[in-house]
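Report on one structure; see the data block that follows.
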Amino acid sequence: MIWVEGLCKTYYGRKGLGSHGPVKALDNVSLTVEPGEFVAIVGSSGSGKSTLMNLLGLLDRPDKGTYYFHNRDMFSLSDTKLSKVRRKEIGFIFQSFNLIPRLTALENVMLPQVFAGVPKKQREEMALEALARVGLSDRVSHLPSQMSGGQMQRVAIARALVGRPKLILADEPTGNLDEASTAQILSLLQSLNRSGATILLITHDKEVAAYAGRTIRIHAGRIIGDTGRQ
């Protein structure tokens with residue numbers, strides 16, 4: 001599914017008082033991910049794991065390197081085509097949920113399909129199915145303010161699933177949750193993986209990473225370990 005070779009990304013600070021030199025966020029990163037894998041990418045703050053997720057999620061471009069996703073060279077595509085791949089084939093889950101407060105759970109989950117031009121009846125059916133998959137059929141009319149943190153994250157997962165993406169990228173999805181909700185969300189991700197979803201989980205927590213079948217460790221922009229692959 002994913003073949004990455006020699007990804008490099010450097011950020012440059014502003015000139016002037018308090019400026020800093022270039023920061024090499026990724027330094028010659030190469031990896032492969034097979035369909036159906038559940039992979040945790042583990043590293044401390046500043047290790048480069050979020051930069052890697054942004055590149056794999058087509059939210060940014062590298063300084064150099066190659067990224068093939070389902071046998072297509074992603075970085076040879078235009079921004080418009082990248083946006084289409086991102087919308088149709090990749091689902092995102094974020095630490096902060098990113099739900100719209102004034103919209104119900106159903107409306108939040110439907111939103112990506114509005115931008116995709118899916119007819120209203122079809123996108124409602126898709127959203128209801130996605131909410132059922134995460135166990136929230138009884139919360140479709142609730143606003144985010146009427147739900148717990150764990151429930152809000154399940155809505156965010158349903159939103160990531162609604163377009164039936166080939167890849168799910170989860171960036172610290174349990175960072176704002178208590179221990180019980182963390183276990184529920186990670187068990188849900190395991191269940192989705194057993195159903196065929198390919199998942200990349202970004203985390204700094206080794207206990208969270210243990211829920212994945214494979215762990216890639218990253219430090220100072222380089223991969224320093226890759227364990228658990230069958």
Side-chain angles (χ1 to χ4, degrees), residues 1-7 9 25-26 29-62 65-72 74-75 82 85-98 112 134 153-154 156-175 177 182 185-219 221-230:
M1 172 179 276
I2 289 174
W3 183 81
V4 166
E5 184 72 28
L7 284 189
K9 183 68 176 181
L26 289 181
V29 167
S30 300
L31 62 90
T32 60
V33 177
E34 299 296 333
E37 282 198 278
F38 186 173
V39 182
I41 299 176
V42 184
S44 59
S45 178
S47 63
K49 61 185 186 300
S50 291
T51 298
L52 179 57
M53 193 206 79
N54 287 341
L55 295 178
L56 296 179
L58 307 176
L59 299 171
D60 199 0
R61 291 180 182 266
T66 304
Y67 173 21
Y68 277 82
F69 180 54
H70 279 280
N71 299 316
R72 291 172 296 171
M74 290 292 101
F75 298 132
L82 284 179
V85 173
R86 195 165 56 239
R87 185 175 67 247
K88 290 191 172 183
E89 301 186 39
I90 303 175
F92 294 90
I93 306 167
F94 299 100
Q95 177 178 342
S96 57
F97 316 140
N98 289 351
V134 301
Q153 190 59 292
R154 281 192 278 163
I157 293 172
R159 183 182 57 196
L161 294 174
V162 71
R164 302 181 182 92
K166 296 177 180 178
L167 174 66
I168 296 174
L169 298 177
D171 190 5
E172 300 280 6
T174 62
L177 302 179
T182 291
I185 293 302
L186 292 172
S187 294
L188 173 58
L189 291 177
Q190 285 183 323
S191 176
L192 294 172
N193 175 246
R194 287 192 294 269
S195 298
T198 303
I199 299 174
L200 292 185
L201 169 67
I202 308 297
T203 183
H204 67 277
D205 190 328
K206 293 180 180 179
E207 292 185 5
V208 170
Y211 281 77
R214 175 184 171 199
T215 299
I216 294 173
R217 292 186 295 123
I218 188 169
H219 175 73
R222 287 178 172 267
I223 290 176
I224 60 171
D226 188 345
T227 59
R229 189 166 192 173
Q230 299 299 317

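In this text, all values refer to a predicted model and were calculated from it rather than measured experimentally. Numbering starts at 1 and runs along the sequence shown.
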Please list, one pair per line, the donor and acceptor atoms closer than 3.5 Å that link side chains of residues 160-175 to other protein atoms, with sequence neighbours excluded.
residue: Arg164; atom: NH2; partner: Glu129; partner atom: OE1; Å: 3.1
residue: Glu172; atom: OE1; partner: His204; partner atom: ND1; Å: 3.3
residue: Glu172; atom: OE2; partner: His204; partner atom: N; Å: 3.1
residue: Glu172; atom: OE2; partner: His204; partner atom: ND1; Å: 3.1

Stepwise side chain to side chain contact (heavy atoms under 4.5 Å, CB included) test for Leu82 and Arg61:
CA-CA 10 Å; Leu82 284 179; Arg61 291 180 182 266; 3.1 Å; yes
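- The two residues Arg154 and Ile185 make their nearest non-hydrogen contact at CG-CD1, 3.6 Å.
- Minimum heavy-atom separation, Gly221 to Val29: O-CG2, 3.3 Å.
- Rounding to the nearest 0.5 angstrom, the gap separating the CG atom in Leu189 from the CZ atom in Arg194 is 10.5 Å.
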Side chain to side chain contact (heavy atoms under 4.5 Å, CB included) between Tyr211 and Asn193, intermediate numbers included
CA-CA 11 Å; Tyr211 281 77; Asn193 175 246; over 6 Å; no
List the steps, then state whether side chain to side chain contact (heavy atoms under 4.5 Å, CB included) holds for Arg214 with Val33.
CA-CA 10 Å; Arg214 175 184 171 199; Val33 177; 4.2 Å; yes
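- Nearest heavy-atom pair across Ala156 and Ile93 is O-CG1, 4.5 Å.
- In this structure, CZ in Phe69 is found 5.0 Å from CD1 in Ile90, a value given to the nearest 0.5 Å.
- In terms of the salt bridge (Lys or Arg N to Asp or Glu O under 4.0 Å) criterion, Arg87 has no residue partners (sequence neighbours excluded).
- Between Trp3 atom CH2 and Leu31 atom CG the span is 10.5 Å, to the nearest 0.5 Å.
- Under a 3.5 Å cut-off, the side chain of Glu34 and the backbone N or O of Ile2 do not form any donor-acceptor pair.
- Rounded to the nearest 0.5 Å, atoms CG (Leu52) and CD1 (Ile41) are 4.5 Å apart.
- For Arg159 (side chain) and Asn98 (main-chain N/O), a donor-acceptor pair under 3.5 Å exists by modelled atom type.
- Remark: the backbone N or O of Thr227 is not paired with any side-chain donor or acceptor of Arg217 at under 3.5 angstrom.
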Under the salt bridge (Lys or Arg N to Asp or Glu O under 4.0 Å) criterion, do Glu89 and Arg72 qualify, and how do the steps go?
CA-CA 13 Å; Glu89 301 186 39; Arg72 291 172 296 171; 2.7 Å; yes
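- Between Met53 and Phe94 the shortest heavy-atom distance is CE-CE2, 4.3 Å.
- At a threshold of 4.5 Å between non-hydrogen side-chain atoms, the residues Tyr68 and Thr32 do not count as touching.
- Of all non-hydrogen atoms in Ser30 and Gly6, the two that sit nearest each other are OG-N, 3.0 Å.
- Here Thr51 contributes atom OG1 and Leu55 contributes atom CG; the two are 7.0 Å apart, rounded to the nearest 0.5 Å.
- Atom CD1 of Ile157 sits about 15.0 Å away from atom CZ of Phe92, to the nearest 0.5 Å.
- Legend: residues meeting side-chain contact (heavy atoms from CB on, under 4.5 Å) with Asp205, ordered by chain and number and at least two apart, are Thr203, Glu207, Val208.
- Here the closest non-hydrogen pair linking Leu56 and Val4 is CD2-CG2, 3.6 Å.
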